[in-house]
Amino acid sequence: MPELPEVETIRRGLDNQIAGLRIKSVQVKKARLVKGSVKKFIAVLTGNVFLKFNRRGKLLIAALKSGQFLLIHLKMTGQLIYQHGRQLIAGGHSFVGMDWRLPNRHTHIIFSFRNGSRLFFNDLRQFGYMKIVSKIELEKELKKFGIEPLTAGFSLKNFVEIFANKKTSAKALLMNQKFIAGLGNIYADEVCFYAKVKPSRRVPSLTEGEIKKLYQGCRVILAKAVKARGTTFSDYVDADGRQGGFIKFLKVYGRKGEKCRRCRRGVIVKIKQGGRGTHFCPQCQQ
DNA sequence: AATTAGACTCGGCCTA
DNA sequence: GGAAGCCGAGTCTAAA
């Protein structure tokens, strides 16, 4: 699940709760999820302090007091759960039917803090990772990302430039992190719907107006999704009694067979495009 | 014409 | 067996 809005939601939660805490110990139960040496990973983190949580695209970046950074990527099924007494801050993949006794069998890395609280990194499919990097290495990583939506650099002009000389499909371009950082499969489908553009449309065939609509779609949908605290396919409620509320705003994703909520004529179809489930209304998306 | 860099596509990583 | 992400290998394409 975790795309920009979900990662941003967990970033805010962790920044509020963990920033300033000293790490008492780190337990790595599955070495696969640590990139590089596990020994070094533990050595760097033990006794270190989380200063600040940042985000670039779908990548979480925790600044450490030592001057290094902890990179966290949740990929498809990663979850971060911070437990402090009865308080829980959690984000990432669906929590439906999850075993809330922590750690559970999908818990691969555990951070323990001096105040008794803990941070669990769970990942069912084990695609996610954590990695320690230096400032130099971080800058190298960040160069791989395109423009960041919801920042001043995300202008129509920059967006239009990205679409110049591209031969791929509208959806594939929206999802390419090198050009636009943060959109994944759900939000790319939603943005295409917003713009009335069929996800498979080749970029050279898009009109100026359609590109502008795609741009507006990115802004409107991502801003709304962040405000709703992301799309959480679960009944999970966080410490403030809130849950990811964007699911009810989804217009096409997960709505195969339903009547289109806009034109009320088409029926949402689901096809495979570039190996990904792709949803659209054949009536109002051209 | 041959070369090269960048764009593009797709399989694989895993679990349940 | 469905899947919300990304990397790397391989192929394709435009430029000069």
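Below, chain A is the first sequence line, B the second, and so on; all start at residue 1.
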Before we go on, tell me: are the rings of A:Phe154 and A:Phe159 under 6.0 Å apart, centre to centre?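 Yes, the ring centres sit under 6.0 Å apart.
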Quote, to the nearest angstrom, the P distance that separates B:dA16 from C:dC6.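 One P to the other, the span is 23 Å.
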In whole Å, measure the gap between the P atoms of C:dA16 and B:dA7 for me.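 After rounding to an integer number of Å, I get 15 Å for this pair.
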Thinking salt bridges, do A:Arg105 and A:Asp99 make one under a 4.0 Å N-O criterion?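 So A:Arg105 does not pair with A:Asp99 through a salt bridge.
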Cationic N near anionic O, under 4.0 Å, A:Lys131 to A:Glu137: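 Salt bridge flag = no for A:Glu137 with A:Lys131.
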Return one dot-bracket line describing DNA chain B 5' to 3' (Watson-Crick or G-U wobble pairs, both distances under 3.5 Å; ( ) same strand, [ ] crossing, | another strand, . none). ..|||||||||||.|.
Contacts under 3.5 Å, N or O only, protein and nucleotides 10-15 of chain C:
none

Whole angstrom is fine here: how far is it from CG in A:Asp189 over to P in C:dA4?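 About 9 Å, once rounded to whole Å.
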Counting only side-chain nitrogens and oxygens, does A:Tyr253 get under 4.0 Å of the OP1 or OP2 atom of C:dA4?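 True: A:Tyr253 side-chain N/O within range (under 4.0 Å) of C:dA4 OP1/OP2.
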How about A:Gln83 and A:Ser117: does a side-chain donor come under 3.5 Å of a side-chain acceptor?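 No.
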Test item: side-chain donor near acceptor, A:Asp189 and A:His279, under 3.5 Å: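 Yes.
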Which is true for A:Lys256 with a 4.0 Å heavy-atom rule: it touches a base, it touches only sugar-phosphate, or it touches nothing?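 Answer is nothing: A:Lys256 stays at 4.0 Å or more from every strand.
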Reading DNA chain B in the 5' to 3' direction, which nucleotide is the first one with an atom under 4.0 Å from a heavy atom of chain A, and which is the last?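 First-to-last contact on DNA chain B, by the 4.0 Å heavy-atom rule, is B:dC8 to B:dA16.
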Go nucleotide by nucleotide along DNA chain B from the 5' end; which of A:Lys178 and A:Gly275 gets its closest nucleotide reached first?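 The 5'-side residue here is A:Lys178.
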Holding to salt bridge (charged side-chain N to carboxylate O under 4.0 Å, His left out), I want the full list of residues that pass it with A:Arg262, two or more places apart in sequence or in another chain.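 Salt bridge (charged side-chain N to carboxylate O under 4.0 Å, His left out) list for A:Arg262, sorted by chain: empty.
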Please step through side-chain hydrogen bond (donor to acceptor under 3.5 Å, both in side chains) for the pair A:Tyr187 and A:Glu6, ending with a clear verdict. CA-CA 11 Å; A:Tyr187 293 106; A:Glu6 293 74 38; 2.6 Å; yes
Check the pair A:Leu119 / A:Phe113 against side chain to side chain contact (heavy atoms under 4.5 Å, CB included), numbers first and verdict last. CA-CA 8 Å; A:Leu119 176 67; A:Phe113 301 97; 4.0 Å; yes
Would you tabulate the pairs of protein nitrogen or oxygen atoms and nucleotide nitrogen or oxygen atoms of nucleotides 6-8 of chain C closer than 3.5 angstrom?
residue	atom	partner	partner atom	Å
C:dC6	OP1	A:His73	NE2	2.8
C:dC6	OP2	A:Lys58	NZ	2.7

For A:Arg12, side chain to side chain donor-acceptor pair (under 3.5 Å) partners two or more places apart: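 Partners of A:Arg12 under the side chain to side chain donor-acceptor pair (under 3.5 Å) test: A:Glu8.
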